[in-house]
2 protein chains.
Amino acid sequence: MMLYRPFENKLNVLLSEHGMQRAQWTILYYLYHFGSATLVELAHYQGVEKPTVTRTVNRLEELAYIEQVPSKDKREKRIMLTQLGKKVYVETRVPIDEFEAEILKGITEHEQLDAIRIMEEIRNNIMK
Amino acid sequence: MMLYRPFENKLNVLLSEHGMQRAQWTILYYLYHFGSATLVELAHYQGVEKPTVTRTVNRLEELAYIEQVPSKDKREKRIMLTQLGKKVYVETRVPIDEFEAEILKGITEHEQLDAIRIMEEIRNNIMK
DNA sequence: GGAAAATAGTTACCTAGGGTAACAGTTATC
DNA sequence: GATAACTGTTACCCTAGGTAACTATTTTCC
């Protein structure tokens with residue numbers, strides 16, 4: 001139940017040491033791996049409400065990490081990473097990977113995959 | 001990585017529907033199962049700094065869910081649940097259990113125990 | 001036994017991050 | 001073409017966390 005909280009807190013600290021915030025990082029992560037997204041898509045991915053995404057996206061735009069891409073549907077705002085955004089993602093990835101390696105010490109790859117699979121099942125149950 | 005966030009958010013919403021906040025709930029949970037605790041103990045358990053605990057504990061005292069117990073060491077503030085606190089814990093437990101049952105649907109008990117064990121190992125790695 | 005260090009908790013101040021309600025603009029439905 | 005649904009924004013509220021600096025006790029250790 002409360003197992004994950006320390007992980008979350010440490011990650012926040014780690015990210016802010018690199019001038020990044022978790023909510024921002026989550027979106028960079030999504031865009032890096034999925035190319036582009038609308039705000040609703042991001043809200044669903046993060047499991048938060050739309051205004052929350054608007055805020056984070058605004059900050060990312062000010063930082064010039066993302067830019068808008070044209071879309072047929074004039075309602076939606078589709079965004080993608082800029083060159084700078086990609087650069088920042090890749091650079092921030094390094095300490096994140098180190099952190100992950102550290103906290104996964106002593107846990108076999110098989111166990112890791114098991115845990116991730118189960119967590120994903122839980123996630124699916126939550127999201128539906 | 002981001003798997004847990006939706007769980008956290010849904011739990012927050014569920015708790016606030018029952019007039020409770022997650023940080024408060026975490027402390028009620030600890031006290032219900034471990035009897036009493038100092039603020040440092042709680043900070044370590046939650047993986048947060050001391051001022052954060054002070055705040056949450058103050059609110060729980062205002063609500064009369066906890067009370068101070070005398071201690072030899074005059075520096076420390078040792079607290080435990082009041083009768084009201086226990087009652088509230090037990091009552092809030094009900095919707096929490098329902099929620100947990102729902103999100104664990106389709107996941108065998110064996111898998112659940114596996115996942116918990118692995119998460120605990122990760123937690124230990126983080127805390128040291 | 002007393003000075004210095006460590007420990008427990010608090011206060012003040014700052015930030016991130018989330019929620020709801022109400023709204024405008026656009027697209028789908030029928 | 002009217003109505004419903006969807007996308008995003010704005011305004012306002014709250015929780016939750018952090019750091020720095022402090023007081024009051026207890027421990028350490030010379």
Side-chain angles (χ1 to χ4, degrees), chain A residues 2 4-29 36-63 66-79 126, chain B residues 2 4-29 36-63 66-79 126:
Chain A
M2 305 309 169
Y4 197 84
R5 177 104 306 242
F7 171 80
E8 178 97 12
N9 289 350
K10 294 275 175 173
L11 182 61
N12 287 347
V13 169
L14 176 66
L15 282 170
S16 78
E17 279 168 11
H18 292 81
M20 172 92 41
Q21 291 153 14
R22 186 181 40 66
Q24 290 176 11
W25 172 252
T26 306
I27 289 179
L28 291 197
Y29 176 89
S36 76
T38 65
L39 302 210
V40 164
E41 220 174 306
L42 292 170
H44 182 254
Y45 174 66
Q46 287 185 277
V48 299
E49 297 300 322
K50 292 181 295 176
T52 305
V53 176
T54 298
R55 267 189 304 268
T56 310
V57 162
N58 283 345
R59 255 172 290 169
L60 288 172
E61 269 181 322
E62 285 165 22
L63 292 165
I66 62 173
E67 64 190 349
Q68 201 165 345
V69 302
S71 165
K72 274 179 196 171
D73 189 333
K74 283 179 194 158
R75 286 173 304 182
E76 72 179 24
K77 179 172 182 176
R78 180 164 289 277
I79 57 170
I126 292 171
Chain B
M2 305 309 170
Y4 196 84
R5 175 105 308 240
F7 172 78
E8 179 96 11
N9 289 351
K10 294 275 176 174
L11 182 62
N12 286 348
V13 170
L14 176 67
L15 283 169
S16 78
E17 278 168 11
H18 292 81
M20 172 93 41
Q21 292 151 14
R22 187 182 40 68
Q24 290 176 11
W25 172 252
T26 306
I27 289 177
L28 290 198
Y29 176 89
S36 76
T38 65
L39 302 209
V40 163
E41 221 174 306
L42 292 171
H44 182 255
Y45 174 65
Q46 288 186 277
V48 299
E49 297 300 322
K50 292 182 294 176
T52 305
V53 177
T54 298
R55 266 189 303 270
T56 310
V57 161
N58 283 344
R59 255 172 290 169
L60 288 172
E61 269 181 323
E62 284 165 22
L63 292 165
I66 61 172
E67 64 190 350
Q68 201 166 345
V69 302
S71 165
K72 274 179 193 169
D73 188 334
K74 283 178 196 162
R75 286 172 305 180
E76 73 179 22
K77 180 172 181 175
R78 180 165 287 276
I79 57 169
I126 292 171

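In what follows, chains are A, B, ... by sequence order, proteins preceding strands, each numbered from 1.
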To the nearest angstrom, how far is [X] atom [atom1] from [N] atom [atom2]?
| X | N | atom1 | atom2 | answer |
| --- | --- | --- | --- | --- |
| B/Asn58 | C/dA12 | CG | C1' | 14 Å |
| A/Leu60 | C/dA16 | CG | C1' | 13 Å |
| B/Gln24 | D/dC14 | CD | P | 15 Å |
| A/Glu76 | D/dT9 | CD | C1' | 16 Å |
| A/Tyr45 | D/dT7 | OH | C1' | 21 Å |
| B/Arg78 | C/dG9 | CZ | C1' | 14 Å |
| A/Leu42 | D/dC6 | CG | P | 18 Å |
| A/Leu14 | D/dG18 | CG | P | 14 Å |

Please examine the side chains of [Y] and [X], heavy atoms only from C-beta on, and report whether any two atoms are closer than 4.5 Å.
| X | Y | value |
| --- | --- | --- |
| A/Gln46 | A/Ile27 | yes |
| A/Thr56 | A/Val48 | no |
| A/Ile79 | A/Leu60 | no |

- Distance in Å, A/Met20 CE paired with A/Leu11 CG, rounded so as to fall on 0.5 Å steps: 11.0 Å

- If you take all heavy atoms of B/Leu15 and B/Gln21, which pair is closest and at what distance? CD1-C, 4.2 Å

- C/dT15 phosphate, OP1 or OP2: any side-chain N/O from A/Gln21 under 4.0 angstrom? no

- Is the phosphate of D/dT9, meaning OP1 or OP2, less than 4.0 Å from a side-chain N or O of A/Thr54? yes

- Message: Please classify the nucleic acid contact of A/Thr56 as base, sugar-phosphate, or nothing, using heavy-atom distances under 4.0 Å.
- Response: nothing

- Message: At 4.0 Å (heavy atoms only), tell me whether B/Arg59 reaches a base, stays on the sugar-phosphate, or touches nothing.
- Response: sugar-phosphate

- Per B/Lys77 side chain, nearest of listed nucleotides C/dG17, C/dT10, D/dG17: C/dT10

- Could you please name the option among C/dG9, D/dG8, C/dG17 that lies closest to any side-chain atom of A/Arg22? C/dG17

- Can B/Lys77 and B/Glu61 be counted as an ion pair, charged N to O under 4.0 angstrom? yes

- Query: What residues, two or more places apart in sequence or in another chain, satisfy salt bridge (Lys or Arg N to Asp or Glu O under 4.0 Å) together with B/Arg78?
  - Reply: B/Glu41, B/Glu76

- Can you give one letter per nucleotide of nucleotides 19-29 of chain C, going 5' to 3': B for a protein heavy atom under 4.0 Å from the base, S for sugar-phosphate only, - for none? BBB---BBS--

